[in-house]
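All chains are named by letter (A, B, ...) in the order of the sequence lines, taking the proteins before the strands, and each is independently numbered beginning at 1.
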Amino acid sequence: MTGGTGCFLLFISTRHKPQELPSIMSQVRVRFAPSPTGFFHIGSARTALFNWLYARHTGGVFVLRIEDTDQARNSEEFLNVIYDSLTWLGMTWDEGPKVGGNYGPYRQSERGPIYKEYLQKLIDAGRAYEKDGAVWFKLLGDRSEVYDDHRQKTVTKVANTPAVIDDQIRGRVERLEDEDFVIFRSDGNPVFHFVNVVDDIAMKITHVIRGEDHLSNTSKHVELFKAFGVQPPVFAHIPLILKQNGPGKMSKRDQGALIEEYQKRGYLPEALVNFLSLLGWSPKDDREKMPIADIIALFDFPGINQSNARFDDKKLAHMNMAYLLELTADVFVVQARAYYEKLGTPVAAVALAADPVYFREVLLISQPKIKGLEELPAYTAYFFAEDFAIDAKVRDKVMGKGDPKARLAELAEALATADFSSDTAIEETIKALATAKGLGFGDYQSVARLAVSGTNVGPSLTSMFRVLGRERVLASFARLAA
RNA sequence: GUCCCCAUCGUCUAGCCCGGUUAGGACACCACCCUUUCACGGUGGGCACCGGGGUUCGAAUCCCCGUGGGGACGCCA
């Protein structure tokens, strides 16, 4: 699924005119560089997605790099969550852990010698010095002492080296002053700013697409690139995702923030990806639900917004329903069974133990009615239990109007000899009965539905009858009448 | 506090760059239609250019200032 060529890219990829785009003639190389310090959340997934989409759009390479330089905060568990979530969402990486590549290793904890080598370059150039046991990067320019209210101490600002970022989304961003910063900790481990830049150089990254929270780091990174004598990559700082309620950006602790939660709840990855792609990006026409191939074809920097987007779980649920609705019967059943298997609850176990053909029918008559797979167990529970509960409120309402017991008796008589082989056959039976009695379908429906399901919502009544079969339908009638 | 980014319905957004639109779509909400409940679908409705100054015949659109929102300010990433 390749999109434009290098030439095409030059033409369309700029909001502001870039001076020189590095590596513009060669293949695009982007990277997603998560740190395994917490569960994989919506914001990370969206950053990964935009990188992945850009790689696929340009026919470039999507690199996965693990930024695990902070030994104290990393864990293998979180690493696996990252792999699993990316895979589940369909974002396969071309280079990185598990798949390899020419610029490995792809875990920073394994790249010590490379960092030492690059550090030596800075030392040789007189751009690194030691202080308090750590190694600092030395900025060029006029230095002045300033009292910092936030940190409540005097700091040294370095000016006269305006770092210019030519951002694909923000335009030209300039920073007049900065401070020297640590690149190697006193424990000998390198720090984010340093490894991030070194690896982008070593891995020949051409475009850095990341959250806007990194925009204020970028001047530091640009200075580092310059110190190494390397043209910085193209930067694209994408808007952040704000939490649904309350102030601030979405974080791992927020409701609905974790990708694995959606996986557990049976959301379709295609729906989640489609929804995520629309958070901060627009195809500019009125299309929203789109196959991934179309998103890839249309995705590019000019379509990315500058303002932050607030997460909306209702819209995600709607997107999920739209995808669910168009699954073929076979795929839907496979997905639903997988969901039940992972669920592992008693209710799920009962359903899975039932006759597969029966289970399949139950699923299929429910498919057009539900918003998500997670509704299924409660929605269909009565299909798998003889003694399902009767909703008291619904019963009082239904049984309090007209003569429902008489209707039930009439319907039982008619169904005793009726054809149960198809929905239409059952429908004809009920309609004939209603006509004969001078009544409507609705007069029989509510009480019959209450009898077979214990509630007032569910699949089409005739479908339920067909799937349940005559015996169970009549038994439930008798139970309600008793 | 300092620095940086941003600003169209409640929310996601189109329109802004290249001033003239009944400011469009989607989610959510309301009503009606369809209908065998509930959904789906259809039709219609309410709902927005943050404020103030400019520039201009004319500003959602260009400029400035406010205000508001977001981010960064770690030997975290």
Side-chain angles (χ1 to χ4, degrees), chain A residues 15-16 33-38 67-70 72-74 108 131-136 146-152 155 157 165 167 169-171 173-179 181-193 195-196 211-219 237 239-240 242 244 247-249 275 278-289 302 305-319 321-322 325 366 368-371 379 394 398 427 430-431 434 440-446 448-450 453 455-464:
Chain A
R15 196 174 293 265
H16 284 241
S35 171
T37 56
E67 306 220 330
D68 54 354
T69 54
D70 185 2
R73 302 174 17 143
N74 293 303
Q108 292 182 329
K131 191 178 88 179
D132 303 329
V135 181
W136 296 65
V146 180
Y147 184 76
D148 185 302
D149 287 326
H150 185 256
R151 280 172 290 180
Q152 304 201 317
V155 298
K157 298 275 186 189
I165 304 152
D167 194 276
I169 294 157
R170 312 281 146 193
V173 179
E174 218 179 55
R175 197 180 198 80
L176 286 333
E177 56 178 19
D178 237 314
E179 291 169 33
F181 53 92
V182 171
I183 51 179
F184 267 75
R185 300 189 188 92
S186 49
D187 68 4
N189 284 311
V191 166
F192 165 70
H193 299 300
V195 294
N196 194 267
E212 202 227 68
D213 50 343
H214 285 288
L215 188 54
S216 18
N217 291 326
T218 307
S219 56
H237 286 91
L240 302 180
L242 269 28
Q244 181 149 245
K249 63 172 173 170
F275 170 77
L278 261 14
L279 240 38
W281 172 79
S282 162
K284 302 293 181 190
D285 56 19
D286 288 337
R287 298 178 64 197
E288 295 203 330
K289 184 168 174 294
N305 277 68
Q306 289 155 293
S307 50
N308 295 337
R310 203 169 286 276
F311 182 77
D312 181 3
D313 60 2
K314 289 252 179 58
K315 189 145 186 170
L316 170 57
H318 181 267
M319 187 69 81
M321 180 203 66
L325 231 36
S366 304
K369 304 289 188 168
I370 57 166
K371 257 186 151 60
Y379 194 79
V394 176
V398 170
E427 186 177 342
I430 301 174
K431 280 190 168 161
F441 192 108
D443 293 301
Y444 292 95
Q445 169 170 224
S446 50
R449 179 177 293 282
L450 177 68
S453 73
T455 184
N456 60 350
V457 299
S460 145
L461 185 72
T462 52
S463 300
M464 287 199 293

Side chain to side chain contact (heavy atoms under 4.5 Å, CB included) against A:Ser282, all qualifying residues, sequence neighbours excluded: A:Lys284
Apply side chain to side chain contact (heavy atoms under 4.5 Å, CB included) to A:Asp149 and list each qualifying residue two or more places apart in sequence or on a separate chain. A:Tyr147
When you compare the protein's N or O atoms with those of nucleotides 44-47 of chain B, which come within less than 3.5 Å of each other, and at what distance?
none

side-chain hydrogen bond (donor to acceptor under 3.5 Å, both in side chains) partners of A:Lys369, counting only residues at least two apart: none
Applying salt bridge (charged side-chain N to carboxylate O under 4.0 Å, His left out), name anything that partners [X], two or more places apart in sequence or on another chain.
| X | value |
| --- | --- |
| A:Arg449 | none |
| A:Arg287 | A:Asp294 |
| A:Glu288 | A:Lys315 |
| A:Asp178 | A:Arg175, A:Lys220 |

So what does [X] hit on the nucleic acid, given a heavy-atom distance under 4.0 Å: a base, only sugar-phosphate, or nothing?
| X | answer |
| --- | --- |
| A:Gly440 | nothing |
| A:Arg310 | sugar-phosphate |
| A:Ile370 | nothing |
| A:Gly442 | nothing |
| A:Met319 | nothing |

Checking the side chain of A:Asp167 only, and the main-chain atoms of A:His237 only, is there a donor and an acceptor separated by less than 3.5 Å? yes
Between the side chain of A:Asn308 and the main-chain N/O of A:Pro239, is any donor-acceptor distance below 3.5 Å? no
Check the pair A:Thr462 / A:Phe441 against side-chain contact (heavy atoms from CB on, under 4.5 Å), numbers first and verdict last. CA-CA 11 Å; A:Thr462 52; A:Phe441 192 108; 4.2 Å; yes
Could a donor-acceptor pair under 3.5 angstrom be found where the side chain of A:Lys431 meets the base of B:U36? no
Any donor-acceptor pair, under 3.5 Å, between the side chain of A:Ser282 and the base of B:U13, if you only look at N and O atoms? no
When rounded to the nearest Å, what value does the distance between [atom1] atoms of [N] and [M] take?
| N | M | atom1 | answer |
| --- | --- | --- | --- |
| B:A59 | B:C17 | C1' | 15 Å |
| B:U43 | B:U61 | C1' | 33 Å |
| B:C40 | B:U13 | P | 24 Å |
| B:C9 | B:C65 | C1' | 27 Å |
| B:A7 | B:G52 | C1' | 16 Å |
| B:C3 | B:G66 | P | 12 Å |
| B:U11 | B:G69 | P | 14 Å |
| B:C50 | B:C12 | P | 14 Å |

Base contacts versus sugar-phosphate-only contacts with protein, heavy atoms under 4.0 Å: please encode nucleotides 25-30 of chain B as B, S and - from 5' to 3'. BBSS--
Once each nucleotide of nucleotides 71-77 of chain B is scored for protein heavy atoms under 4.0 Å, what B/S/- sequence comes out, 5' to 3'? SSBSBBB
Expressed in angstrom and rounded to an integer, what is the separation of [X] atom [atom1] from [N] atom [atom2]?
| X | N | atom1 | atom2 | result |
| --- | --- | --- | --- | --- |
| A:Asp167 | B:C6 | CG | P | 9 Å |
| A:Met321 | B:C38 | CE | P | 17 Å |
| A:Ile430 | B:U35 | CD1 | C1' | 15 Å |
| A:Met464 | B:U36 | CE | C1' | 10 Å |
| A:Trp281 | B:C12 | CH2 | P | 17 Å |
| A:Leu450 | B:U36 | CG | C1' | 15 Å |
| A:Leu325 | B:C38 | CG | C1' | 14 Å |
| A:Arg170 | B:C4 | CZ | C1' | 10 Å |

Set of ring-ring contact (aromatic ring centres under 6.0 Å, His included) partners for A:Tyr444, sequence neighbours left out: none
Please identify each residue that fulfils ring-ring contact (aromatic ring centres under 6.0 Å, His included) with A:His214, with sequence neighbours left out. A:Phe192
Which sits closer to the 5' end of RNA chain B, A:Ala309 or A:Val173, going by the nucleotide each is nearest to? A:Val173
Is there a Watson-Crick or G-U wobble partner for [N] with both distances under 3.5 Å, and which nucleotide is it?
| N | value |
| --- | --- |
| B:G68 | B:C6 |
| B:C73 | B:G1 |
| B:U21 | none |
| B:A31 | B:U43 |
| B:A26 | B:U11 |
| B:U61 | none |

Which of these, A:Val135, A:Ile183, A:Val182, sits in a side-chain contact (heavy atoms from CB on, under 4.5 Å) with A:Val191? A:Val182
Applying the side-chain contact (heavy atoms from CB on, under 4.5 Å) criterion to A:Ser453, which one of A:Thr455, A:Val457, A:Asn456, A:Leu450 satisfies it? A:Thr455
Can you check whether A:Lys369 has a side-chain N or O nearer than 4.0 Å to OP1 or OP2 of B:C40? no
Are OP1 or OP2 of B:U37 and a side-chain N or O of A:Gln445 less than 4.0 angstrom apart? no
